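The block underneath contains the structure these notes are about, expressed in structure tokens.
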Amino acid sequence: MRTRFRAARGRIETQVTTLRNPRSLGAKLLLILTAIGLAGSIAITLLLASVITPSFNRLEAKSVDGHIERTRAALHEYASKVESAVRDYGDWNSSYDYMGHPTRAFEAESFSPLAMENLGVNGMAYIANDGHIVIARWRGTRGDDAVLRAALVAQIARVDFRRALKAGSSASFYVRLGQVVAAIGIAEVRRSDGTGDPRGFVLMARQITSGQLSGLLQLGAKLDLADVADQDRITSSATKTRIAVPVYGVDHHAVASAAFTVPRDLSVLGRRMLLLAVCGSTVLLLIVLVMLRRMIDRLVLRPLARVERHMQMVRASGSLGQLAEDGRQDEIGSLGASFNAMLSQLQDLREQIEAQSFALGRSESAVAVMHNVRNALNPISTILSQGIAQAPPVDRAMLDRAVAELAREDLPATRRGKLVAFVAAAVEADANDRTRRRGELEIGREAMAHVLEIIGAQQRAAHERPDLEVCDVSEILARNATIARYSGDLSIAFVFPGEAHLVMASRVILSQVIGNLLGNAAEAIAATGTRSGTISATVSEEGGETRIAIRDDGEGFDPANAPTFFQRGFSTRAHKSGGLGLHWCANAMGAMQGALRLESEGRGRGAIAVLTLARVDGEVRVAA
């Protein structure tokens with residue numbers, strides 16, 4: 001008896017080791033989870049890279065565009081100050097009289113170092129209508145500079161003043177005088193009231209240096225006279241971006257470049273955020289996979305191993321003892337109950353076979369005995385083969401013949417041992433196949449439950465309202481106005497409040513709504529056939545609400561048609577398709593507990609889009 005128990009224990013340990021080999025279910029699950037983890041990590045990395053990197057690249061591109069626009073604005077403002085100063089000298093009776101009769105007194109008074117210092121200019125000149133220079137002067141830090149005066153005179157000879165003015169009374173541009181870049185302002189010489197035939201031109205020049213440019217831009221910049229191009233140049237390295245903005249002359253060709261370098265903080269931040277997000281998501285995924293692996297091992301593999309060990313013990317001892325139940329009500333518990341029912345039926349069948357064997361005697365046909373056995377095993381076969389359409393792993397006919405031979409009492413011991421080994425191997429293969437199939441069904445059901453959970457979560461998220469936060473509507477108006485100003489060929493003047501107005505809204509959705517309304521206003525202006533127009537935005541606060549009114553001087557509409565604009569898919573532009581549309585904008589405002597309406601006094605009289613939102617210090621209304 002002890003020897004038999006040791007043999008059964010050895011077989012059980014062998015079976016447990018078999019569950020851990022590369023062909024076992026545990027090893028396959030571990031391999032599948034590892035593959036899922038690697039695929040998920042790669043997918044998360046690609047997803048985050050496709051979202052984070054382009055977003056930060058767009059932000060960096062906007063930042064570079066902002067630097068370029070500020071540089072152009074600073075250069076334009078610097079030249080405009082010179083133009084403003086020269087316009088005062090152009091529309092001046094004294095200048096008009098001087099060009100008619102030049103006098104030393106006027107030159108001593110208006111061309112003195114003190115006068116030029118008060119004007120903030122380095123050079124001045126009066127030019128007659130026929131092109132000859134009445135007087136020209138360039139004053140440097142040490143007095144009059146003959147070299148720069150000669151360069152200024154030579155530059156004056158190359159400028160077509162009538163063409164530079166472009167039918168105006170004054171103009172400004174930049175010139176290069178050797179190694180010096182100066183802002184030039186020119187104006188026609190007329191009387192103070194603007195009357196009289198122009199008697200020539202007055203010119204003023206103000207030198208611009210790298211230090212002055214750095215002060216205007218509030219960053220380290222320099223005037224590059226060697227690398228000059230008519231287009232903006234942007235050169236990026238791993239951590240810095242070099243920007244060169246052309247300084248245009250009178251013929252709209254660059255005379256120098258305003259060059260400066262800015263750090264690529266957004267790109268570095270984007271890379272760090274991407275790395276942090278990838279590492280965090282990868283670690284989280286690994287933790288989830290480890291916990292999932294342990295739960296599968298605890299809930300599935302260990303109970304299956306317990307059933308397998310009991311089957312091996314039954315096969316080794318021949319005793320059809322019941323499997324101890326653990327009280328589980330899931331599929332594993334159902335499997336244990338079915339297995340115990342099978343053992344109970346086998347025990348009953350065994351007793352019936354023994355009784356029939358004694359009753360029938362040796363002369364009874366072995367075929368009849370096996371026929372009864374087969375009929376008795378039909379319910380068991382039905383239980384074990386539900387949902388299985390694949391052929392059994394063992395040839396049943398060969399197994400029947402082996403069992404038939406085992407029923408014979410005159411069978412030799414050697415033959416009986418081989419048949420017993422064959423039957424045992426067949427039973428083991430069938431049990432392993434059923435275990436594998438049930439494990440696969442469990443995995444399939446868990447995967448389907450996970451898919452249903454994702455679908456349910458997405459459906460719930462689709463019906464949720466957006467989260468409201470504190471937003472500065474003035475800032476959103478300014479940002480979208482800047483975008484709209486440079487989005488087309490129209491010349492549109494935007495007017496919006498400078499002070500902050502705080503509202504409760506979703507920042508992203510409100511920006512989309514305002515951007516869409518500004519785009520519609522620009523299209524309405526373009527529909528009038530003019531190349532320019534005005535869009536003004538006003539913000540007023542009444543009670544607990546903030547009212548934003550966006551007014552344009554476009555084509556307008558019939559007030560009776562206002563309700564049709566909010567219909568799904570409606571558009572007055574036959575050449576357009578897609579876009580957010582007023583239907584979406586109205587629904588978006590409603591979701592943010594606000595409202596949107598359109599007003600107009602009639603066609604050709606412009607339109608007003610009115611948005612209503614809750615103030616920060618007011619009560620947020622709860623939509624029904």
Side-chain angles (χ1 to χ4, degrees), residues 51 54-66 69 466-498 500-527 532-539 546-557 565-573 575-600 606-614:
V51 173
S55 298
F56 277 90
N57 288 341
R58 286 193 296 269
L59 291 176
E60 186 178 46
K62 290 182 180 179
S63 177
V64 171
D65 293 339
E69 292 300 327
D467 295 332
L468 302 183
E469 58 181 332
V470 179
C471 303
D472 184 0
V473 70
S474 299
E475 178 187 356
I476 295 175
L477 282 168
R479 181 171 63 252
N480 283 279
T482 302
I483 296 173
R485 183 181 293 115
Y486 298 99
S487 62
D489 298 331
L490 299 176
S491 176
I492 299 177
F494 286 89
V495 180
F496 47 85
H501 293 276
L502 303 181
V503 297
M504 294 299 298
S506 172
R507 186 182 305 273
V508 175
I509 297 178
L510 181 59
S511 179
Q512 288 179 300
V513 172
I514 292 178
N516 189 55
L517 294 177
L518 292 178
N520 290 344
E523 291 181 358
I525 294 174
S532 61
T534 302
I535 300 176
S536 62
T538 59
V539 181
T546 298
R547 181 178 181 271
I548 305 107
I550 301 175
R551 180 189 299 270
D552 65 80
D553 55 358
E555 61 178 345
F557 58 88
F565 294 157
F566 295 101
Q567 295 177 3
R568 183 185 298 273
F570 178 82
S571 177
T572 59
R573 314 295 175 201
H575 64 284
K576 289 189 62 179
S577 63
L580 297 179
L582 293 175
H583 174 78
W584 180 90
C585 293
N587 290 338
M589 292 299 297
M592 293 187 294
Q593 306 176 14
L596 168 64
R597 71 176 187 272
L598 296 180
E599 300 176 356
S600 178
I608 306 175
V610 181
L611 295 88
T612 305
L613 288 168

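What you see is a predicted model, and the numbers here were worked out from it, not measured in a lab.
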Reported CE-to-CZ distance for the pair M589 and R597, which is rounded to 0.5 angstrom:
11.0 Å
Out of curiosity, E469 CD to M592 CE, how far, rounded to the nearest 0.5 Å?
10.5 Å
Of all heavy-atom pairs between P497 and A537, which one has the smallest distance, and what is that distance?
CD-O, 3.2 Å
On a heavy-atom basis, which atom in C471 and which in S506 lie closest, and how many Å separate them?
SG-C, 4.2 Å
Given 3.5 Å as the limit, does a donor-acceptor pair link the side chain of S600 with the main chain of F557, or not?
yes
Let me confirm one number: the CG-CG distance from N520 to N516, rounded to the nearest 0.5 Å.
4.5 Å
Do I548 and L477 come within less than 4.5 Å of each other through their side chains, counting heavy atoms only?
yes
Could you check if a side-chain atom of V473 sits within less than 4.5 angstrom of a side-chain atom of L613, using non-hydrogen atoms only?
no
In short, A549 meets I608 closest at the heavy-atom pair CB-CG2, 4.1 Å
With rounding to the nearest 0.5 Å, note down the distance linking CG in L598 to CG in L517.
7.5 Å
Do you know the tightest heavy-atom contact between L510 and A505?
CD2-CB, 4.0 Å
Just so I know, are the side chains of L611 and I550 near enough to count as touching, which here means a heavy-atom distance under 4.5 Å?
yes
Taking every heavy atom of H501 against every heavy atom of D472, the minimum-distance pair comes out as N-OD1, 3.1 Å
How long is the straight-line distance from CD of E69 back to NZ of K62, given to the nearest 0.5 Å?
14.0 Å
What's the separation between atom CD1 in I535 and atom CG in D553, rounded to the nearest 0.5 Å?
8.0 Å
Over all atoms of both residues, closest heavy-atom pair of L596 and A586
CD2-N, 4.0 Å
Hey, does the side chain of R547 reach the backbone of T538 with a donor-acceptor pair shorter than 3.5 angstrom?
no
